[in-house]
Amino acid sequence: MKIATFNINGVNRRLEVLLDWLATAEPDVVCLQELKATDSQFPKTAIEAAGYGAVWRGQAAWNGVAILARDSEPILTRAELPGDPADTQSRYIEAAVNGILIASLYAPNGNPQPGPKFGYKLAWHELLRLHAAELLATGLPVVLAGDYNVVPEPRDIYPTRSYDDNALVQPESRAAFRRLLDQGWLDALRKIYPEEQLFTFWDYRRNRWQRDAGLRLDHVLLSRKLTRRLNGAGIDRDVRGVDGASDHAPVWITLRD
DNA sequence: ATGTCACTTCACAAGTGA
């Protein structure tokens, strides 16, 4: 079973990129982030025609998350992170697919820091941590996949000082991600590639793609029950290089049956 | 501060978010 996460940066603007990648990569489950589309603007018909059932939570202009399942309808379990009813940003969706609970999440970027946006980022991560603990307590096999907007370690970014003040690399951001892992989640890409340089995002500016000046922001976390089924993983970097690409590449794992 | 996109609106230019 192949499970992928892809920050699409506008699902309609990049529909051809998405459909081409689905046809080539053939993932069984896809977590999408940054749909930048309302619920009614979601390209349901095209995605169905490609062979995928879907659940989604859109939003005008920003955010928006979805879960796609090949030849199957995901069973929606949640469309928001519990804990802050006043939060209207569409950043979390959760569904059951083929006996696995899948979450597609898009954590706040948090820039500029310090400031209210950084505060929101840290508060959101705290709510994620609380909910993730609930998910672990169910004993179900769970995958938390998405754009965490955290560079976990210094080696997960190209050598530079230009991000020193960025919310993505702050100690508080890293601590939030670390606390989540310490609950008992496995960073699947790092498990498969313990030493390699892993990037999933390259800013559009300053030729960062051409220079391979990337960051690792997109992560697939597995509950303990799933860790022994982990079989392989990858980053589809070519997808970042096509015309009209997202600024993120798809990230995937495979699980043994 | 910059750069590159996409998308919004007191809408064809300027802002905002990333």
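What you see is a predicted model; the values in this text were computed from it and never measured. Chain identifiers are assigned alphabetically (A, B, ...) following the order of the sequence lines, protein sequences preceding nucleic acid strands; residue numbering begins at 1 within each chain.
Base pairing annotation: B:dA11 forms no Watson-Crick or G-U wobble pair, as no partner gives both donor-acceptor distances under 3.5 Å. Judged by Watson-Crick or G-U wobble contacts below 3.5 Å, the nucleotide B:dT16 has B:dA6 as its partner.
Looking at A:Lys225, its side chain does come within 3.5 Å of a backbone N or O of A:Gly139 through a donor-acceptor pair. Between the A:Ser104 side chain and the A:Ala66 main chain, a donor and an acceptor come within less than 3.5 Å of each other.
Atom CG of A:Asn9 is separated from atom C1' of B:dA18 by 8 Å (rounded to the nearest Å). B:dA6 atom P lies 13 Å from atom CZ of A:Arg205, rounded to whole Å. The interatomic distance linking A:Trp202 (CH2) with B:dC5 (C1') rounds to 17 Å, in whole Å. For the pair A:Ile8 CD1 and B:dC5 C1', the interatomic distance rounds to 15 Å; values are reported in whole Å. Following rounding to the nearest Å, A:Arg208 (CZ) and B:dA18 (C1') show an atom-to-atom distance of 12 Å. Between A:Asn109 atom CG and B:dC5 atom P the separation is 18 Å, expressed in whole Å. Rounding to whole angstrom units, CG of residue A:Asn166 and C1' of B:dG17 are separated by 13 Å. The CD atom of A:Gln59 sits 10 Å away from the P atom of B:dA18 (whole-angstrom rounding).
The gap from the C1' atom of B:dC12 to that of B:dA1 amounts to 27 Å, rounded to the nearest Å. Taking atom C1' on both nucleotides, B:dA11 is separated from B:dT16 by 15 Å, rounded to a whole Å. Spacing between B:dG17 and B:dC10 at atom P, rounded to whole Å, works out to 14 Å.
Within 6.0 Å of atom CZ in A:Arg155, more than 12 heavy atoms from other residues, nucleotides or ligands are found, so the atom counts as buried in its surroundings.
We find that A:Arg70 and A:Asp28 are joined by a salt bridge, their nearest charged nitrogen and carboxylate oxygen being less than 4.0 Å apart. Between A:Glu26 and A:Lys2 there is no salt bridge, since none of the side-chain N atoms of the basic residue sits less than 4.0 Å from a carboxylate O of the acidic one.
Residues A:Ala245 and A:Glu34 each lie close to DNA chain B; by heavy-atom proximity, the contact nearer the 5' end of the strand is made by A:Ala245. Comparing A:Ser162 and A:Asn149, the nucleotide of DNA chain B nearest to each residue sits closer to the 5' end for A:Ser162.
Looking at heavy-atom distances under 4.0 Å, A:Tyr106 makes contact with sugar-phosphate atoms alone, never a base. Counting any heavy atom pair closer than 4.0 Å across all strands shown, A:Arg91 reaches sugar-phosphate atoms only and no base atom.
With distances taken from any side-chain atom of A:Arg13 to the nucleotides B:dT4, B:dA6, B:dA18, the minimum falls on B:dA6. The side chain of A:Trp62 approaches B:dG17 more closely than any other nucleotide in the set B:dC5, B:dG17, B:dA18. Distance from the side chain of A:Ala61 is smallest to B:dC7 among B:dC7, B:dA6, B:dT4.
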Could you go through A:Asp156 and A:Arg190, starting from their C-alpha distance and side-chain angles, then the distance that decides it, and tell me whether this counts as salt bridge (charged side-chain N to carboxylate O under 4.0 Å, His left out)?
CA-CA 10 Å; A:Asp156 293 313; A:Arg190 199 39 95 191; 2.7 Å; yes

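The side chain of A:Arg14 places an N or O atom within less than 4.0 Å of a non-bridging phosphate oxygen (OP1 or OP2) of B:dA6.
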